[in-house]
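Working notes, beginning with the structure itself.
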Amino acid sequence: MSDPIADLLTRIRNANMRKKESLEMLSSKMKLNIVKVLKDEGFIVNWELDEKGKFPELRIWLKYVDDLPVIRKITRISKPGLRLYSKGKDCKPVLNGQGISILSTSKGIMSDRQCRADDIGGEVLCTVC
């Protein structure tokens with residue numbers, strides 16, 4: 001797999017379209033940190049890391065309101081072939097603050113709100129709204 005972040009986002013998008021309660025996938029530090037930001041920002045219900053087997057598995061419970069998914073659109077911005085970076089103050093709110101951008105910074109994976117507050121820039125991984 002050349003782009004595990006795109007795989008994570010596609011699995012979430014597909015599970016939302018099928019109205020699945022949860023989804024499972026192999027875990028990595030990057031995926032886990034992205035899911036933590038989604039949980040902190042209220043886009044998913046919860047997540048769980050299962051380390052029983054040979055490879056750790058990540059399970060994500062999706063969030064729905066009135067039978068509609070909370071995550072309406074999730075898009076990969078920075079790709080392996082074209083990395084996009086943003087300064088802390090240049091992070092624009094997504095949908096006037098209804099959505100978020102997830103950035104990879106020197107202090108870890110953060111939402112655009114945290115980056116603006118701390119004035120930290122980084123690679124823009126994806127947008128969620």
Side-chain angles (χ1 to χ4, degrees):
M1 181 182 331
S2 63
D3 191 6
I5 298 170
D7 180 59
L8 167 72
L9 302 179
T10 301
R11 285 175 188 256
I12 291 173
R13 193 178 311 115
N14 289 341
N16 262 339
M17 287 192 297
R18 301 285 299 163
K19 304 231 191 255
K20 298 279 186 177
E21 180 182 331
S22 65
L23 65 127
E24 294 179 359
M25 69 188 74
L26 291 177
S27 179
S28 70
K29 288 181 184 178
M30 180 76 78
K31 289 179 187 179
L32 186 62
N33 289 327
I34 290 171
V35 170
K36 285 179 183 177
V37 171
L38 290 175
K39 168 77 168 98
D40 292 342
E41 294 291 333
F43 286 100
I44 61 173
V45 174
N46 207 353
W47 59 271
E48 179 181 86
L49 188 61
D50 182 18
E51 297 184 21
K52 291 179 186 172
K54 189 174 182 183
F55 300 105
E57 284 197 4
L58 181 63
R59 184 170 184 161
I60 304 168
W61 282 272
L62 300 173
K63 190 173 188 178
Y64 297 92
V65 175
D66 296 330
D67 213 26
L68 294 172
V70 171
I71 299 175
R72 297 179 304 244
K73 185 177 180 184
I74 188 164
T75 310
R76 179 83 157 112
I77 302 297
S78 183
K79 299 174 182 167
L82 179 63
R83 303 287 184 186
L84 295 174
Y85 298 91
S86 177
K87 294 180 183 175
K89 296 291 182 186
D90 293 342
C91 293
K92 303 290 184 210
V94 178
L95 277 178
N96 293 324
Q98 292 180 4
I100 62 165
S101 293
I102 298 177
L103 287 85
S104 175
T105 68
S106 59
K107 295 192 177 182
I109 306 292
M110 305 170 93
S111 69
D112 60 342
R113 292 181 187 126
Q114 292 171 318
C115 289
R116 278 194 301 275
D118 296 344
D119 194 22
I120 299 171
E123 180 182 355
V124 183
L125 299 176
C126 63
T127 59
V128 184
C129 53

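Only heavy atoms go into these numbers, but all of them, side chains included; no hydrogens, no water, no symmetry mates.
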With sequence neighbours excluded, residues passing side-chain contact (heavy atoms from CB on, under 4.5 Å) with Cys129:
Arg72, Lys73, Val94, Leu95

Could you measure the distance from the OG atom of Ser27 to the CG atom of Leu8? Nearest 0.5 Å is fine.
9.5 Å

Looking at Ile60, Asn46, Ile109, which hits side-chain contact (heavy atoms from CB on, under 4.5 Å) with Val35?
Ile60

From CG (Leu23) to CZ (Arg18), nearest 0.5 Å:
13.5 Å

Restricting to pairs with a member in residues 97-108, which pass side chain to side chain donor-acceptor pair (under 3.5 Å), not counting sequence neighbours?
none

How long is the straight-line distance from CG of Leu49 back to CG of Leu32, given to the nearest 0.5 Å?
6.0 Å

Applying side chain to side chain donor-acceptor pair (under 3.5 Å) to Asp7 and not counting sequence neighbours gives Arg11

Tell me who clusters with Val45, hydrophobic residues only, linked when side chains sit under 4.5 Å apart either directly or through other members.
Trp61

Kindly state each residue pair satisfying salt bridge (charged side-chain N to carboxylate O under 4.0 Å, His left out) with at least one member in residues 27-53, sequence neighbours excluded.
Glu41-Arg113

So which pairs with a foot in residues 79-102 pass salt bridge (charged side-chain N to carboxylate O under 4.0 Å, His left out), sequence neighbours left out?
Arg83-Glu123

Starting at CD1 of Ile12, measure out to CD1 of Ile71 and round the result to the nearest 0.5 Å.
5.5 Å

If you group Ile, Leu, Val, Met, Phe, Trp and Tyr whenever their side-chain heavy atoms sit less than 4.5 Å apart, what else falls in with Leu103?
Ile77, Leu82, Leu84, Val124

Within-4.5 Å side-chain heavy-atom neighbours: Val37 and Ile100
yes

Atom of Phe43, atom of Val70 and distance for their closest heavy-atom approach:
CD2-CG1, 3.9 Å

Apply the hydrophobic cluster definition, ILVMFWY joined by side-chain contacts under 4.5 Å directly or through others, and give me every member besides Ile120.
Met110

Neighbour count >12 (heavy atoms, 6.0 Å) for atom CG, Asp119
yes

Who else is in Phe55's hydrophobic cluster (ILVMFWY, side-chain heavy atoms under 4.5 Å, direct or via others)?
Leu26

Measuring from atom CD1 of Ile102 to atom CG of Leu9, what distance do you get when rounded to the nearest 0.5 angstrom?
7.5 Å

Which atom of Asp112 lies closest to which atom of Pro93, heavy atoms considered
OD2-CA, 4.0 Å

Under the side chain to side chain donor-acceptor pair (under 3.5 Å) rule, collect the residues that match up with Ser22, sequence neighbours excluded.
Arg59

Out of curiosity, Ile74 CD1 to Leu38 CG, how far, rounded to the nearest 0.5 Å?
5.5 Å

With a 4.5 Å cut-off on side-chain heavy-atom distances among I, L, V, M, F, W and Y, is there a chain of contacts connecting Tyr64 to Trp47?
yes

Heavy-atom pair with the smallest gap, counting every atom of Cys115 and Cys91
CB-SG, 4.4 Å

Under the side-chain contact (heavy atoms from CB on, under 4.5 Å) test, residues paired with Ala6 that sit two or more places apart
Asp3, Arg76

